[in-house]
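Note that the numbering runs from 1 along the sequence shown for the chain. This structure is a prediction, so every number in the text was calculated from the model and none was measured.
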Amino acid sequence: MSDGEPPTGPPGRTEDVFARHGPRLFRIAYGMLGSTTRAEDVVRDVRLRWQATDRAVVADPQAYLTTATTRLSIRAAHSARTRRASYIGPWLPEPLDTGNGGATGAEGTKPVAFDVLLMLERLDLAERAAFVLRETLSSPYAEIAAVLGVDEAQARHLVHRARRHLATDRVADRQGREDTAGQKRGGDGAEDYEAA
């Protein structure tokens, strides 16, 4: 059976289909949320939806599961941003523990780098979803468009804007580090204090 066909056969087949796509779904949720715990919650919710779905009408399980995971992740990310608006202090992503043999459901996944997660947090949620799908899963633009409910040109534009914002953030971050390093090399600052 190909991934594009609806699952058929004995009841255990439902879990086989989900298990095959599980690592991909986790990568989407983790890239969107920056938290293994919250990513696992989203994947668990998608599994429950999948079990309750009439799979005879699902033409493409991967597309169905990708869309459900992305949209639930967008909703969860929006909710998290709303909660963090009243939180005092910086939000930091939860690094992915890759040394536990995949116990988080992340087996076979390539984690999004910590600094990239920090920068992704500044993106619009549609841009973030488009970027995660394109950069971490190499999803074609047609798939991104279908998942986000936009046309293909808009999907390309979302990915382009996300890349541009991330490139700008990287340059600003690098300049900030160089400025800080230059200040440290310039002395302890006592001369500046005395001159003032």
Side-chain angles (χ1 to χ4, degrees), residues 2-7 17-18 20-36 38-50 53-55 57-82 84 91 93-94 96 105-106 108-173:
S2 74
D3 286 353
E5 297 173 14
V17 171
F18 190 89
R20 190 166 62 245
H21 296 293
R24 173 186 173 88
L25 306 181
F26 181 87
R27 285 172 70 179
I28 294 168
Y30 179 72
M32 287 296 298
L33 300 168
S35 163
T36 55
R38 289 173 46 227
E40 289 170 344
D41 289 345
V42 165
V43 173
R44 193 168 19 258
D45 287 349
V46 172
R47 173 183 274 132
L48 292 173
R49 286 177 184 227
W50 176 245
T53 297
D54 178 7
R55 286 168 302 282
V57 300
V58 177
D60 184 346
Q62 177 174 303
Y64 174 90
L65 293 168
T66 297
T67 301
T69 303
T70 303
R71 292 182 180 175
L72 282 175
S73 295
I74 288 172
R75 192 177 307 153
H78 177 71
S79 174
R81 283 185 175 180
T82 302
R84 283 198 297 268
W91 173 83
E94 178 185 320
L96 183 61
T109 67
K110 183 179 83 174
V112 179
F114 185 83
D115 60 333
V116 174
L117 284 170
L118 280 173
M119 287 185 257
L120 284 175
E121 181 63 19
R122 300 176 198 146
L123 296 178
D124 168 90
L125 292 175
E127 290 174 356
R128 184 171 184 164
F131 180 86
V132 168
L133 289 169
R134 183 69 182 170
E135 296 298 318
T136 66
L137 300 172
S138 301
S139 297
Y141 288 107
E143 180 183 12
I144 296 168
V147 167
L148 297 178
V150 299
D151 63 37
E152 196 167 332
Q154 289 173 302
R156 287 179 183 277
H157 186 64
L158 286 168
V159 173
H160 173 73
R161 275 194 350 220
R163 286 176 178 158
R164 189 178 67 230
H165 290 148
L166 291 176
T168 301
D169 286 350
R170 282 187 176 117
V171 168
D173 185 50

Trainee: Are the charged groups of Asp41 and Arg38 less than 4.0 angstrom apart, N to O?
Mentor: no
Trainee: With rounding to the nearest 0.5 angstrom, report the CE to OG1 distance, Met32 to Thr69.
Mentor: 11.5 Å
Trainee: In Å and rounded to the nearest 0.5 Å, what is the CZ to CG distance from Arg163 to Leu123?
Mentor: 12.5 Å
Trainee: I need the Ser139 OG to Leu137 CG distance, nearest 0.5 Å.
Mentor: 5.0 Å
Trainee: Side-chain contact, heavy-atom cut-off 4.5 Å: Phe26 with Thr36?
Mentor: yes
Trainee: I'd like to know whether Ile74 forms a side chain to side chain contact (heavy atoms under 4.5 Å, CB included) with Leu148, so could you lay out the CA-CA distance, the side-chain angles of the two residues, the decisive distance to 0.1 Å, and finally the verdict.
Mentor: CA-CA 10 Å; Ile74 288 172; Leu148 297 178; 3.9 Å; yes
Trainee: Who passes salt bridge (Lys or Arg N to Asp or Glu O under 4.0 Å) against Arg161, sequence neighbours left out?
Mentor: Glu127
Trainee: So how far is it from Arg71 CZ to Leu125 CG, rounded to the nearest 0.5 Å?
Mentor: 14.0 Å
Trainee: Which of these passes side chain to side chain contact (heavy atoms under 4.5 Å, CB included) with Glu143: Leu133, Thr66, Asp60?
Mentor: Thr66
Trainee: Working to the nearest 0.5 Å, report the span between CG of Asp151 and CD of Gln154.
Mentor: 4.0 Å
Trainee: Working to the nearest 0.5 Å, report the span between CZ of Arg128 and CG of Leu158.
Mentor: 14.5 Å
Trainee: Any salt bridge linking Glu40 with Arg44? Criterion: basic side-chain nitrogen under 4.0 Å from a carboxylate oxygen.
Mentor: no
